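Each chain gets a letter, A, B and so on, in the order its sequence line appears, and its residues count up from 1. Model, not experiment: these values are computed from the prediction.
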There are 2 protein chains.
Amino acid sequence: MVELPIRLNDKPHEALMSVWWTSLMLKKISTKIFQPELASEAQFNILVLLKEAHKPLTQNDLSRKLLVDKSNITGLLDRLEKQGLLVRTNVEGDRRSYHIELTREGRRVVNKLDKRYTSAVESVMNELSAEEHEALISLTKKVRSGIIKQLEE
Amino acid sequence: MVELPIRLNDKPHEALMSVWWTSLMLKKISTKIFQPELASEAQFNILVLLKEAHKPLTQNDLSRKLLVDKSNITGLLDRLEKQGLLVRTNVEGDRRSYHIELTREGRRVVNKLDKRYTSAVESVMNELSAEEHEALISLTKKVRSGIIKQLEE
DNA sequence: TATTGTTATACTCTATAACTATA
DNA sequence: TATAGTTATAGAGTATAACAATA
């Protein structure tokens with residue numbers, strides 16, 4: 001799996017597939033890391049977003065940031081709320097919306113997973129130098145801006 | 001979404017998350033590209049693997065190459081076979097196994113999607129130069145080798 | 001009229017374990 | 001005993017459309 005499972009003749013395609021397969025593998029280890037506290041990466045993404053946000057987020061905010069439809073955000077939050085990791089609170093001035101807030105337990109869990117996750121990340125990313133980290137950031141950012149254009153077409 | 005939705009203080013983590021979010025976006029466009037012929041990226045991965053393979057593949061081969069459990073390969077192939085895109089044929093000398101082969105229709109579909117996919121890839125990857133393609137390939141390969149080590153721990 | 005969130009529906013994928021047939 | 005594939009099950013994510021309450 002370090003090598004791509006297929007051979008490609010053109011480099012742009014190979015580069016994209018290389019990103020793709022890397023993320024597929026990332027997904028495999030992430031599943032291990034998040035268990036047993038969380039069921040999925042989607043749940044982790046939500047908790048991290050809530051943790052890092054400097055202001056309260058609505059379900060709509062989460063939907064836009066995570067590219068997940070609002071109808072599915074409802075279900076994701078239901079499961080996390082049921083586990084006691086977050087709560088919906090009323091928004092003053094807009095009775096249609098909720099602010100999503102981590103509970104104390106939610107904060108504990110996300111911090112714990114973040115540690116576990118960060119240590120796995122360190123071990124993985126030790127393969128690369130500081131310059132290579134920078135390069136990878138800048139290259140994938142370019143890929144994303146290509147994707148944005150593609151999405152707009 | 002060109003910018004990561006969260007700010008990170010350390011570069012290795014940022015680099016990994018950048019790969020992660022890029023793949024999340026890739027997944028979004030891939031869903032568009034595969035429809036209506038295929039239901040998922042998992043199905044496309046199987047067809048591409050079959051197309052590129054230079055020898056017949058068994059379900060076990062697919063399972064190992066795609067990191068998908070063999071029990072789930074069964075279901076994936078069932079759906080693709082039902083659509084007439086592939087067939088299971090007996091393997092001479094091992095009555096436990098099947099060789100999975102694309103049908104004429106399967107070949108037609110994978111070629112069609114591959115074209116659609118390739119043209120989207122080109123448009124996305126035009127953002128990068130030839131040298132950058134090479135760099136991205138080599139960097140993500142390093143990340144994968146880090147992941148392999150992590151998986152072995 | 002537009003927006004926020006919910007409900008309903010119907011697939012698809014995934015993880016796990018127990019099972020059959022064959023090697 | 002080990003291996004290839006199937007079956008069964010339950011949980012989780014996704015896409016889509018219709019809906020209620022509020023703005």
Can you tell which of [options] lies closest to the side chain of [X]?
| X | options | answer |
| --- | --- | --- |
| B:Q43 | C:dC13, D:dA4, C:dG5 | C:dC13 |
| A:S40 | D:dA12, C:dA2, D:dG5 | D:dA12 |
| B:R95 | C:dA23, D:dA23, C:dT6 | C:dA23 |
| B:R96 | D:dT3, C:dA2, C:dC13 | D:dT3 |
| B:R79 | D:dA15, C:dC13, D:dG13 | C:dC13 |
| B:A39 | C:dT6, C:dT12, D:dG5 | C:dT12 |

Whole-Å gap separating [atom2] ([N]) and [atom1] ([X]):
| X | N | atom1 | atom2 | value |
| --- | --- | --- | --- | --- |
| B:K70 | C:dA15 | NZ | C1' | 13 Å |
| B:L80 | C:dC11 | CG | C1' | 14 Å |
| A:K65 | C:dT4 | NZ | P | 14 Å |
| A:R88 | D:dA21 | CZ | C1' | 16 Å |
| B:L77 | D:dG5 | CG | C1' | 10 Å |
| A:L38 | D:dG13 | CG | C1' | 14 Å |
| B:N60 | D:dA2 | CG | P | 16 Å |
| B:K32 | D:dT14 | NZ | C1' | 15 Å |

Query raised in the report: Got more than 12 heavy atoms from elsewhere within 6.0 Å of NZ, B:K51?
Result: yes
By nearest-heavy-atom nucleotide on DNA chain D, the more 5' of B:D94 and B:D78 is B:D94
Classify [X] by what it touches in the nucleic acid, base, sugar-phosphate, or nothing, heavy-atom distance under 4.0 Å.
| X | answer |
| --- | --- |
| A:L76 | sugar-phosphate |
| A:S71 | base |
| B:D69 | base |
| A:S97 | sugar-phosphate |

Does the side chain of B:Q59 get closer than 4.0 angstrom to OP1 or OP2 of D:dT6 through an N or O atom?
yes
Should the pair [X]-[Y] be classified as a salt bridge under the 4.0 Å nitrogen-to-oxygen rule?
| X | Y | answer |
| --- | --- | --- |
| A:D69 | A:R64 | no |
| B:E37 | B:R108 | no |
| B:E127 | A:K149 | yes |
| B:D78 | B:R88 | yes |

Regarding A:E131 and A:S129, do their side chains bring together a donor and an acceptor under 3.5 Å, going by distance alone? yes
Assign each of A:T31 and A:T74 the nucleotide of DNA chain C bearing its closest heavy atom; nearer the 5' end lies the nucleotide of A:T74
By nearest-heavy-atom nucleotide on DNA chain C, the more 5' of B:G75 and B:G93 is B:G75
Q: Using only heavy-atom distances, decide whether a donor-acceptor pair under 3.5 angstrom links the side-chain of A:N72 to the base of D:dA15.
A: yes
